[in-house]
Protein chains: 2
Amino acid sequence: MTRATSSIKTYNQECADCPIRHRAVCARCESDELEQLEQIKYYRSFEAGQTVVWAGDSMDFVASVVTGIATLSQTMEDGRRQMVGLLLPSDFIGRPGRGTSAYDVTAATDTVMCCFRKKPFEDMMLRTPHIGQRLLEMTLDELDAAREWMLLLGRKTAREKISSLLTIIARRDASLQLNMADGELSFDLPLTREAMSEYLGLTLETVSRQMSSLRKEGLIVTEGKRHITIPDFDRLLEETGDDSDGGFLV
Amino acid sequence: MTRATSSIKTYNQECADCPIRHRAVCARCESDELEQLEQIKYYRSFEAGQTVVWAGDSMDFVASVVTGIATLSQTMEDGRRQMVGLLLPSDFIGRPGRGTSAYDVTAATDTVMCCFRKKPFEDMMLRTPHIGQRLLEMTLDELDAAREWMLLLGRKTAREKISSLLTIIARRDASLQLNMADGELSFDLPLTREAMSEYLGLTLETVSRQMSSLRKEGLIVTEGKRHITIPDFDRLLEETGDDSDGGFLV
DNA sequence: CATCTGGGTTGATCTACATCAAGGTTGTCG
DNA sequence: CGACAACCTTGATGTAGATCAACCCAGATG
């Protein structure tokens, strides 16, 4: 059980009791000059399912997720949708230097965001190289995640995709550390079957079938529709197709 | 024919006759203090097919592609491979703050890279915020490209994938502007069928079949195995599944 | 309490792409 | 020049996952 435990621990290492993890560009975990951010920040809440901005809409702010989960998606003319970003607490939204959103941003669960108006934020970036550096680091992390995701989309089977998604959520969701005991862990799935299918490049029927199949084989235990227990994290990891020491570089 | 012409022109707007385009972090297009980079840079050449570094290997440099094409790929234990990065001249390789490569880096064609030893480069970054800013911009561009790519991998059909790849290469390859005349353009495919299949998440047989099918329908004209002419760029664009004004944001 | 609605499951069938297999073309090297 | 090695094409067949369709369940709502 050791790897499961350790690989989860490594992710969320600083600011244990602060809702904004250490990678966030947010005043809470900062000190120094960054208190200036305090003056330009404000909070917004969204309900599960609500759209924050549509692709192409103008967006005059950047933001950091405080609680809840948001997604970035692209839609083709005929309605096919692909999720391209999954934003957990501390993740950053928006691109300095661009006035419109390139993606649909949607709240997957009830969500609170810490927003900064774009112009003052960009001014701050110029004055405070520190922020740019953090942003670079975060963007590089996101790029790595996107590339991992590309491997999933391009080459993994449906079963591997589902297993991967479950381990990804397990690793990234800070809340579930509490429920953890010798390799068993449980959490509430923050995504509907449909959202999962958009993440994975599958249909929701296939997602449902594969979840059932993992359940029947005892790799996961479900309680209601959303609550999931993983009795043996390592066993699930073996289903992901990743090499055992997987590129968990963040 | 206008869109084809215009969408190609926008990409490569500065430094028309410099092999390093404006996005590059390279001394050639810089002036000022960046001449310091001159002192820590050196060139390396690779033959088509040669591996630059393997995933996991230590990598003590960052680099910028000068000529040729390099790829980043991930490999699963059982050999399934997915390309996750396609690097054209001016594109950047390597991640500041990381000592090993996360991906296999391969030269797809004969390639020259402009390398900077990692340590001095990182020192420079600290002293010169300008470089960090550029790197951030480039990384954000790459992230956008990766997300476009995710849509392709997750939701497009084989035919749409092939058409998309051809338009992507056409748009990004500076050399072919020369051959352009009222919407017709031609270029040498820099990738083998196998490399294309790794890019697209397909098998090489499927790539071959779809190329044949596009050829039979007159969407492309081939000369030998690699030289491709696109008689009507807009018509090919319609096969990509992208909305007509597609997110060409760079 | 009945009904409606938004998720979720499961079955039957179809199909796009993978897989397996054979053969073609081009270039290189003894 | 012959033969080998990359690379590419095409055909026959198999299958994972899509599609179409029916039904289930829990919570909300009048």
Side-chain angles (χ1 to χ4, degrees), chain A residues 47-50 76 78-82 106-110 152-165 188-217 220-228 239 241, chain B residues 47-50 76 78-82 106-110 152-165 188-217 220-228 239 241:
Chain A
E47 283 175 19
Q50 211 183 332
M76 293 171 69
D78 61 2
R80 279 174 282 173
R81 275 171 72 82
Q82 176 63 51
T106 312
T109 63
D110 293 347
L152 177 148
L153 290 171
R155 295 300 184 193
K156 289 190 177 178
T157 64
R159 166 180 263 250
E160 288 168 340
K161 286 178 173 182
I162 298 280
S163 308
S164 298
L165 177 55
D188 281 314
L189 250 192
L191 302 176
T192 63
R193 296 289 183 265
E194 187 179 24
M196 290 173 72
S197 75
E198 281 176 18
Y199 184 110
L200 299 170
L202 298 171
T203 58
L204 71 159
E205 293 96 325
T206 299
V207 170
S208 186
R209 276 186 246 276
Q210 294 294 336
M211 290 288 286
S212 299
S213 143
L214 290 181
R215 177 159 33 76
K216 278 168 197 150
E217 295 174 34
I220 59 174
V221 179
T222 55
E223 216 186 301
K225 295 182 167 188
R226 296 290 195 84
H227 194 80
I228 302 234
E239 301 296 327
Chain B
E47 282 176 19
Q50 209 184 334
M76 293 171 69
D78 60 3
R80 279 175 281 174
R81 274 172 73 84
Q82 176 62 52
T106 312
T109 64
D110 292 347
L152 177 148
L153 290 171
R155 295 301 182 192
K156 290 191 177 177
T157 64
R159 165 180 264 250
E160 288 169 339
K161 286 177 173 182
I162 297 281
S163 309
S164 299
L165 177 56
D188 281 315
L189 250 192
L191 302 176
T192 64
R193 297 289 183 265
E194 186 179 25
M196 291 173 72
S197 75
E198 282 176 17
Y199 185 110
L200 300 170
L202 299 169
T203 58
L204 71 151
E205 293 95 326
T206 299
V207 171
S208 186
R209 276 187 246 275
Q210 294 295 336
M211 291 286 287
S212 299
S213 144
L214 291 180
R215 177 159 32 76
K216 277 169 198 151
E217 296 173 33
I220 59 175
V221 179
T222 56
E223 216 186 301
K225 292 177 171 192
R226 296 291 195 84
H227 193 80
I228 302 234
E239 300 295 328

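In what follows, every chain begins at residue 1, and chains take the letters A, B, ... in the order their sequences are listed.
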- With a 4.5 Å heavy-atom cut-off, do B:Leu189 and B:His227 have their side chains touching? no
- Message: Once you apply a heavy-atom cut-off of 4.0 Å, does A:Thr192 come out as touching a base, just sugar-phosphate, or nothing?
- Response: sugar-phosphate
- Remember a base hit wins even if backbone is also touched, and classify A:Gly201 as base, sugar-phosphate or nothing at under 4.0 Å, heavy atoms. sugar-phosphate
- Check the distance between D:dT9's C1' and B:Ile220's CD1 and give it to me in whole angstrom. 14 Å
- Message: Classify A:Leu204 by what it touches in the nucleic acid, base, sugar-phosphate, or nothing, heavy-atom distance under 4.0 Å.
- Response: nothing
- Taking for each residue the nucleotide of DNA chain D with the nearest heavy atom, is it A:Thr157 or A:Lys225 whose nucleotide lies nearer the 5' end? A:Thr157
- Message: Please classify the nucleic acid contact of B:Arg80 as base, sugar-phosphate, or nothing, using heavy-atom distances under 4.0 Å.
- Response: nothing
- Query: Does OP1 or OP2 of D:dG17 have a side-chain N or O of A:Thr206 closer than 4.0 Å?
  - Reply: no
- What integer distance in Å separates B:Leu200:CG from C:dA16:P? 18 Å
- Flag if over 12 foreign heavy atoms under 6.0 Å of CD, A:Glu217: yes
- Task: Please state how far atom CG in B:Leu202 lies from atom P in C:dT19, giving the value in whole angstrom units.
- Result: 11 Å
- Decide yes or no, distance alone: a donor-acceptor N/O pair under 3.5 angstrom between the base of D:dT10 and the side-chain of B:Arg215. no
- Task: Can you figure out which of C:dG11, D:dT10, C:dG8 approaches the side chain of A:Arg226 most closely?
- Result: C:dG8
- Whole-Å gap separating C1' (D:dA28) and CD (A:Glu47): 15 Å
- Task: Take the protein atom NE2 of B:His227 and the nucleotide atom C1' of D:dC8, then report the distance between them rounded to whole Å.
- Result: 18 Å
- Query: With side chains defined as the heavy atoms from C-beta onward, is the minimum distance between A:Arg193 and A:Met211 less than 4.5 Å?
  - Reply: yes
- For the pair made of CD in A:Glu198 and P in D:dG17, what is the distance, rounded to whole Å? 19 Å
- Query: In terms of side-chain heavy atoms, does B:Arg209 have a donor or acceptor partner in B:Thr206 at a distance below 3.5 Å?
  - Reply: no
- Task: Quick one: label B:Ser212 by what it contacts on the DNA or RNA (base, sugar-phosphate, nothing), any heavy atom closer than 4.0 Å.
- Result: sugar-phosphate
- Start at the 5' end of DNA chain C and walk down; is the nucleotide closest to B:Glu205 or to B:Gln210 reached first? B:Gln210
- Message: Looking at B:Arg159, I'd like to know whether one of its side-chain N or O atoms comes within less than 4.0 Å of OP1 or OP2 on C:dC17.
- Response: no
- How many Å lie between CZ on A:Arg155 and P on D:dA16, as a whole number? 17 Å
- Reckon A:Thr203 has a side-chain N or O less than 4.0 Å from the OP1 or OP2 of D:dA18? yes
- Message: C:dT9, OP1 or OP2 - any side-chain N/O from A:Arg193 closer than 4.0 Å?
- Response: yes
- B:Met211 has an atom CE; how far is it from atom P of D:dT10, in whole Å? 11 Å
- Is any side-chain N or O of A:Arg209 under 3.5 Å from a base N or O of C:dG8, one able to act as donor and the other as acceptor? no
- Which one of B:Arg159, B:Lys156, B:Glu239 satisfies the side chain to side chain contact (heavy atoms under 4.5 Å, CB included) criterion with B:Ser164? B:Lys156
- Task: Could you check if a side-chain atom of B:Leu153 sits within less than 4.5 angstrom of a side-chain atom of B:Gln82, using non-hydrogen atoms only?
- Result: yes
- Task: Tell me which nucleotide among D:dT10, C:dG8, C:dC17 gets nearest to the side chain of B:Ala158.
- Result: C:dC17
